[in-house]
Structure formats: structure tokens, C-alpha cells
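No hydrogens, no waters, no symmetry mates; every other heavy atom, side chains included, goes into these values.
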Amino acid sequence: MTLKIYGIGASRAARPLWTALELGVPFEHIATPYAGGATRTPEFLALNPNGHIPVVVDERPEGAVTVWESMACALYIARVHGRADGQSIAPATPREEAEALRWSFWAVSELEKDALTVLMHRMAMPADQRKPELAEQAESRLKVPLAVLEKHLQAQNAQGEAYLAANRFTVADVCVASVVSWLRPAAAMLAQYPAVSAWLKLCVDRPEQAQARGMK
């Protein structure tokens, strides 16, 4: 069997790359940038007709399985290639599975758009192209979902669990931290959510996260 991950670390492809690295799953990284037309070739569009990275292709005895959408890619790798042993990042119980699913979808629907706006207009774009007012508006909208995440992490901490789904790092943390990390340029805003800030540091300080982000 061969697991292939198309994308680069400086993109949403960091999510499946990070997941595979945490699990120690062998995979082939096929460097595919989002710019320059690499995702518009006939070969790539045959894998993902949307023309986006990441794409995961899992060559299995019963045939190839193709997955796209970054959260789906990460959750698939954890579910299919992880071990539900209560030690790896793969969910080990129905509760952990539910937490991984709900928080991953929540991050996409409640956080990602505004978090990306903050990242782009606080840091990623050239200074002369940034619009601080867009970042400020996004930060204002983010107060509600960040309060939800803060409350959940406080409850987790109260019962002796340092992470989203358990007292160990899981794929739920991979998926949500990959979005929340985009808010680091808005340090003053993040400081208002101490449980979120402490949890995020635990996640992004992991060596596999840096390794995934550095894959070109």
C-alpha cells in the first residue's frame, strides 16, 4: 500500500501532512503548490476536479481511495491508518471520534474564513496590500467562536484533560489548531483567551507541526 499526499506545507495540506507525521505513517509527499498552474493540469484535475490541494490518494489492495478537502484528508488518515489504542492521535472511543468530527467541521464553518482574513491582512500579504479594517472586522466576529472554544478547553482542563478530545493530542487538535494558528499575528486578541492560547502553544510546539509546515 502507498499513501500519497499532494500539496505543500504552507497551505491547508499541512493538515494531512501533520497527521501522517504524528502517526508515523509512511507516505509519499508529492509537492504541489497552489500557485503556478500545478493544480490545473489534466492529471491533477482527474484527482480533484475542484483544482485545490490537498489531495490524498491511498493505494489499497481493493483499489485506490482518493480524498480531498483538508479536514477530510486528516480525519481519513487518522481513521484508516491510525491505531485506536488510546496512545496515538487516532480517536480511540466514540466520544473521541465525535469530538474530532464536530470540532473539525466547526473550525471550517465558524473560524476558518475570518482566521484567514486575519492572517492575510495582519502578516501574510505585502504591507501595502493589507487592509487593517478587514482584519479588525474579522477579529470582532471571531470573539463568539473563540469564546466557545475557550469554554470547552476550560471544561477539559477542569476534568484533567489538556486537549480538545482527551488528555492527549489527537487529530481533533491537528485540525482545529491548524486554523487557530492563523490568529497568532493577532496576539492581543488571542491573549484574551488564555485556555485557547495555552492549548495552541502545546499544539504548534510539536516538532511534527514544524516538519509539516516546512514541506515544500
Side-chain angles (χ1 to χ4, degrees), residues 7-19 21-22 34-35 54 70-71 74 89 99-216:
I8 55 173
S11 74
R12 292 176 176 88
R15 296 163 189 171
L17 291 168
W18 187 4
T19 300
L21 290 168
E22 289 280 357
Y34 51 80
S70 60
M71 296 296 190
I89 71 165
E99 297 285 18
L101 290 169
R102 73 167 178 161
W103 286 108
S104 298
F105 288 122
W106 174 87
V108 172
S109 62
E110 301 294 333
L111 282 183
E112 191 171 55
K113 181 179 179 180
D114 284 326
L116 183 59
T117 297
V118 171
L119 176 67
M120 297 303 292
H121 290 280
R122 291 292 188 208
M123 185 179 73
M125 295 176 68
D128 62 346
Q129 296 179 27
R130 298 176 196 169
K131 297 181 179 180
E133 67 275 13
L134 294 182
E136 291 167 6
Q137 293 165 11
E139 289 171 20
S140 179
R141 290 189 294 268
L142 284 163
K143 292 178 181 178
V144 172
L146 285 174
V148 170
L149 183 59
E150 178 76 9
K151 184 177 180 180
H152 175 72
L153 288 167
Q154 289 175 347
Q156 287 290 94
N157 293 337
Q159 63 181 13
E161 297 190 348
Y163 295 95
L164 283 176
N167 194 30
R168 72 180 195 286
F169 183 82
T170 71
V171 69
D173 303 291
V174 169
C175 290
V176 181
S178 68
V179 179
V180 180
S181 66
W182 292 350
L183 299 176
R184 284 183 290 174
M189 179 188 67
L190 267 182
Q192 299 174 44
Y193 305 94
V196 172
S197 298
W199 159 82
L200 181 62
K201 187 176 189 307
L202 289 175
C203 295
V204 299
D205 281 354
R206 298 178 70 86
E208 292 83 0
Q209 192 269 349
Q211 186 178 352
R213 292 292 299 171
M215 298 184 79
K216 299 179 180 179

Inset, instruction - For Glu110 and Pro145, indicate whether the former's side chain and the latter's backbone hold a donor-acceptor pair under 3.5 Å. - result: no
Legend entry - Exam field: side chain Asp114 to backbone Leu142, donor-acceptor pair closer than 3.5 Å: no
Legend entry - Any residue meeting side-chain contact (heavy atoms from CB on, under 4.5 Å) with Lys113, in chain and number order, not counting sequence neighbours: none
Inset, instruction - State whether the side chain of His121 and the backbone N or O of Arg130 hold a donor-acceptor pair below 3.5 Å, judged by distance alone. - result: no
Side-chain polar contacts of residues 207-216 - donor-acceptor pairs under 3.5 angstrom, sequence neighbours left out - could you list them?
from   : atom 1 : to   : atom 2 : distance (Å)
Arg213 : NH1    : Gly9 : O      : 2.9

Legend entry - Leu190 and Val196: CA distance, side-chain angles, deciding distance, side chain to side chain contact (heavy atoms under 4.5 Å, CB included) verdict: CA-CA 8 Å; Leu190 267 182; Val196 172; 4.3 Å; yes
Inset, instruction - Return the set of residues passing side-chain contact (heavy atoms from CB on, under 4.5 Å) with Ala124 (not counting sequence neighbours), or none when no residue passes. - result: Leu119, Met120
Legend entry - Under 3.5 Å donor-acceptor, Gln156 side chain and Ala162 backbone: no
Inset, instruction - Give a yes/no verdict on a cation-pi contact between Arg206 and Phe169, requiring under 6.0 Å between NZ or CZ and the six-membered ring centre and an angle within 45° of the axis. - result: yes
Legend entry - By salt bridge (Lys or Arg N to Asp or Glu O under 4.0 Å) - contacts of Glu161 (at least two apart): Arg95
Legend entry - Contact summary for Leu146 and Met189, nearest pair of heavy atoms: CD1-CE, 4.0 Å
Inset, instruction - Tell me yes or no: between the side chains of Glu150 and Gln154, is some donor less than 3.5 Å from an acceptor? - result: yes
Inset, instruction - Could you list all the side-chain hydrogen bond (donor to acceptor under 3.5 Å, both in side chains) pairs where at least one residue sits in residues 176-189, not counting sequence neighbours? - result: Arg15-Ser178
Legend entry - CH2-SG distance between Trp18 and Cys203, expressed to the nearest 0.5 angstrom: 5.5 Å
Legend entry - Pairs touching residues 187-201 that satisfy side-chain hydrogen bond (donor to acceptor under 3.5 Å, both in side chains), sequence neighbours left out: Asp173-Trp199, Lys201-Asp205
